[in-house]
Amino acid sequence: FDPLVMAMARFAVCRSWLPAVLPLVCLVITSTGGVQDGVYGCAESLDIDLTNKMYVQENSVPKPAPRAFHSAVHVKKASMVVFGGLFSAPDSPFFAVNNEAFVYNATLNAWNMLLSPEGDPVPRERCMHTAVNAETLGKMVVVGGWGFDGDVSSPELLTLADVWLLDLGQLKSGVAAWTPISTQSSGTPFSGRFGHSSVVIDDVVYVIGGLQWAKTVKTQVNNIGYNSLLSDGKLWRLDVDVASSSGTWTSLTATDAVQPRAFAYTLSFGNLMIIGGGFSPHVPEFTPVGSLCVIVPTSSTPGQFTSKCFDCTDNINATDGKLYCPAVAYAAAAVNENDSDFRIFGGTLFPQNPLLVTQLIFGQFEAASTATLWQGSVDPTACRAELLAGGSPTCNLKFSKINTASFESEAQLSLPFLGGLYQGPSSRLGSSLTPVVEAHMLFGGTNPYGWAFLRDLWATDTTSVPAGSWVPWMQMQVDQSAQPTNRNGAAAITIEVPANVNSFLFTAGETVFFVFGGYTDQYELLAQMWKFSSCDQQWRYIPYTQGGAPSARAYLPAVSLSPTGPLLFFGGEAAGSEGRRVFLDEMWVFMFDDVLGYTMHLVYGQGTVTATGSKVSGPPPRAHHSAAMYDQTVIIFGGENQQGTLNDVWQFSLTGDNIAGWKPLSTAGPRLHAHAAAVMGDVMFVYGGCNPSCATTTFDTMYSFDLPTNKWTTLQPPARSTSLSSLSS
């Protein structure tokens, strides 16, 4: 059992989601995991039967399954958390719900699945719930939703009223730390609901609208008994006490009646919220809501909230007092980071025939969905003042439809628009729109014709544009099967991530292999950076999110200052005019950061000057040289350039003034390139190499260079037999 336990422990460190202590259960490691040739590695798949609850880990990093009616919450600057949703149930004609939580990091273009420690409380599977980010509390607050009890073939639909908190401080470690909130109501009891709207203002959650189920759904789809009740337009206030895991609901009535609705789009601007569109069910029909309401959750009268509603019209030139605004349901909406502009995407346009709410659950719902992108703006401060002052506020609300285009790569963003030839995301409903890193990220949804669930991810910038202008969409390809091009002469380095590191970029305990640059088999130079993880055995292309981008190059070494970087790359060979070789003298620093992502910074090159304006003196350009770490500095030796093979030794330091960090150590060493070098203690050892050409002369001599004294010593190689038996062994 020891090898299995050891392999399992290594797997747990890499995957970082196994419970700390596993109960006595049936555990099977399959495929190529476990122990192979005495080396402990990461298993490709793992099946764990925990009291008949099966969890299957696939052979790649988990990504969200196609889904709709989930929630997506913006966290900090670069991430969003996706929770729950509706999806196609395997081997069933019905749909199912889930309680999965994923984090998407936009700077890395990568998903990470959050998993709860064994035995911890977790929310019930659900969809059509709401989730908001209470930043000061450091929590994501989930309210209500729709779920079911019983067998999937004979479900009992549930309207949920529960409240859960997700600790956003533990996202880096990949942990979903959930806390259930015990709630009570001050006055009228808060009832369960789904399809409602929620915002958070000053760490207080406000909920309005939604649907309620009151009866069991039978197995015959054509004979379904139900009673769909709609909330009465009240605004519900939830005050949460994190310390006691408790909360209190208080109902507020509107100063200007808010038409009851469900599946409306919702926007939050600090202390102001907008709720628009949606539908109002009058059994057995659904009626679209053609109004938009602006809400301030306070009023001069206790127990009330201040509101003003506007009728929407699709006529941009309307003069009848109506507002040009979208009247759609199931649309996705998000506020820009400037807290005044916003976007609304997609949703459904209602047909003439009645729509039963049960058709939505059982996949018989069909309606015309849209891919229209709306742009809007409001001055939250002025609007709030208008509302509280009474009278007939206008809030200076402005809406416009904008066209969209899509591109397959960043390079195509500079192409001219071809008269609408490009299209953005497909029409859909039940998707999410989240502001992340000065962009809007659109995720998932469903096309109601055939109910194809989606998991595509799109990005568009948040820049305000004139009505009718083109706004480009870019589809984010999170491809786990990608791999680098065949190459030689690349810089490569491995780092061992400590077990106590919690990061979006790395998994604690994993080994990461980086590859940069090189030549293809067609003699084309490369400039891309790739990484390979020992845990999921997958390659990933690394985009540089800030700083610069090195030109294509080959035959340069890489070193790491610590187990978590930064990495340093010096010199290399590039291609000049008429096929000539060009040698480089640049020092690039490659850094990792959870917020900034992967960044490249040029810290030395020809013409580099200090802060005082003096030119920095450093090593001449070169390739086929060596680099080794010594006491948090980089030791560069040898190589070749246009003048021939080199023998100089240089020391580079990243402490203090990074630019002026070069120090010459020696010019008395052997002239070598394409050699190997490593530092042990205070001594650099050098072996092999070529001079003047590897095609004519190679060496097997070992040298040592004492770094404190800058003294070279030639070490004799051991006697070696050239017999066939020796060569064979």
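For E100, the salt bridge (Lys or Arg N to Asp or Glu O under 4.0 Å) partners are R67, not counting sequence neighbours. Not counting sequence neighbours, the partners of R237 by the salt bridge (Lys or Arg N to Asp or Glu O under 4.0 Å) test are D239. By the salt bridge (Lys or Arg N to Asp or Glu O under 4.0 Å) test, D162 is found to be paired with R126, residues two or more places apart in sequence or in another chain being considered. Residues forming a salt bridge (Lys or Arg N to Asp or Glu O under 4.0 Å) with D167 (at least two apart in sequence, or on another chain): K139. Under the side-chain hydrogen bond (donor to acceptor under 3.5 Å, both in side chains) criterion, S431 pairs with no residue at all, not counting sequence neighbours. By the side-chain hydrogen bond (donor to acceptor under 3.5 Å, both in side chains) test, T183 is found to be paired with no residue, residues two or more places apart in sequence or in another chain being considered.
Side-chain atoms of N133 never come within 3.5 Å of backbone atoms of V73 as a donor-acceptor pair (strictly under, hydrogens ignored). Between the H196 side chain and the G144 main chain, no donor and acceptor come within less than 3.5 Å of each other. A side-chain donor-acceptor contact under 3.5 Å links N99 to the backbone of P123. Using modelled atom types, one side-chain atom of Y265 and one backbone atom of P326 make a donor-acceptor pair closer than 3.5 Å.
Under the 6.0 Å distance and 45° angle rule, K308 counts as a cation-pi partner of F310.
Taking 4.5 Å as the limit, some side-chain heavy atom of V258 sits within range of a side-chain heavy atom of C309.
Between H440 and F345, the gap from one ring centroid to the other reaches at least 6.0 Å. Ring centroids of F399 and Y324 are separated by 6.0 Å or more, keeping the two rings apart. Aromatic pair F87/F69: ring centres not closer than 6.0 Å. Outside the 6.0 Å centre-distance limit, the rings of W164 and F83 are not counted as a close aromatic pair.
Separation of atoms CD1 (I295) and CG (L252) is listed at 10.5 Å; rounding is to 0.5 Å. Going from atom CG of D203 over to atom CG of L238 covers 11.5 Å, rounded to the nearest 0.5 Å. Separation of atoms CD1 (I275) and CD1 (I208) is listed at 5.0 Å; rounding is to 0.5 Å. Atom CZ of residue F342 and atom CG of residue N336 lie 9.5 Å apart, to the nearest 0.5 angstrom. Atom OG1 in T136 sits 8.0 Å away from atom CG in D202 (nearest 0.5 Å).
For P260 against V289, the heavy-atom pair with the smallest separation is O-CG2, 4.0 Å.
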>> Run the side chain to side chain contact (heavy atoms under 4.5 Å, CB included) test on V103 and V75 for me, step by step, so that the C-alpha distance in whole Å, both residues' side-chain angles and the decisive distance to 0.1 Å come before the verdict.
In response: CA-CA 9 Å; V103 176; V75 180; over 6 Å; no

>> Applying side chain to side chain contact (heavy atoms under 4.5 Å, CB included) to N105 and N112, what does each step give before you reach the verdict?
In response: CA-CA 8 Å; N105 188 300; N112 185 31; over 6 Å; no

> Taking it one step at a time, do V82 and Y104 satisfy side chain to side chain contact (heavy atoms under 4.5 Å, CB included)?
Replying inline: CA-CA 8 Å; V82 172; Y104 173 74; 5.8 Å; no

>> The test is side-chain hydrogen bond (donor to acceptor under 3.5 Å, both in side chains); show your working for S291 and R261 and say whether it passes.
In response: CA-CA 10 Å; S291 66; R261 67 192 72 200; 2.8 Å; yes

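Using the six-membered ring where Trp is involved, F443 and H70 have ring planes that are perpendicular, over 60° apart on the 30 and 60° scheme.
None of L211, V207, L160 except one satisfies the side-chain contact (heavy atoms from CB on, under 4.5 Å) rule with R193; the exception is V207.
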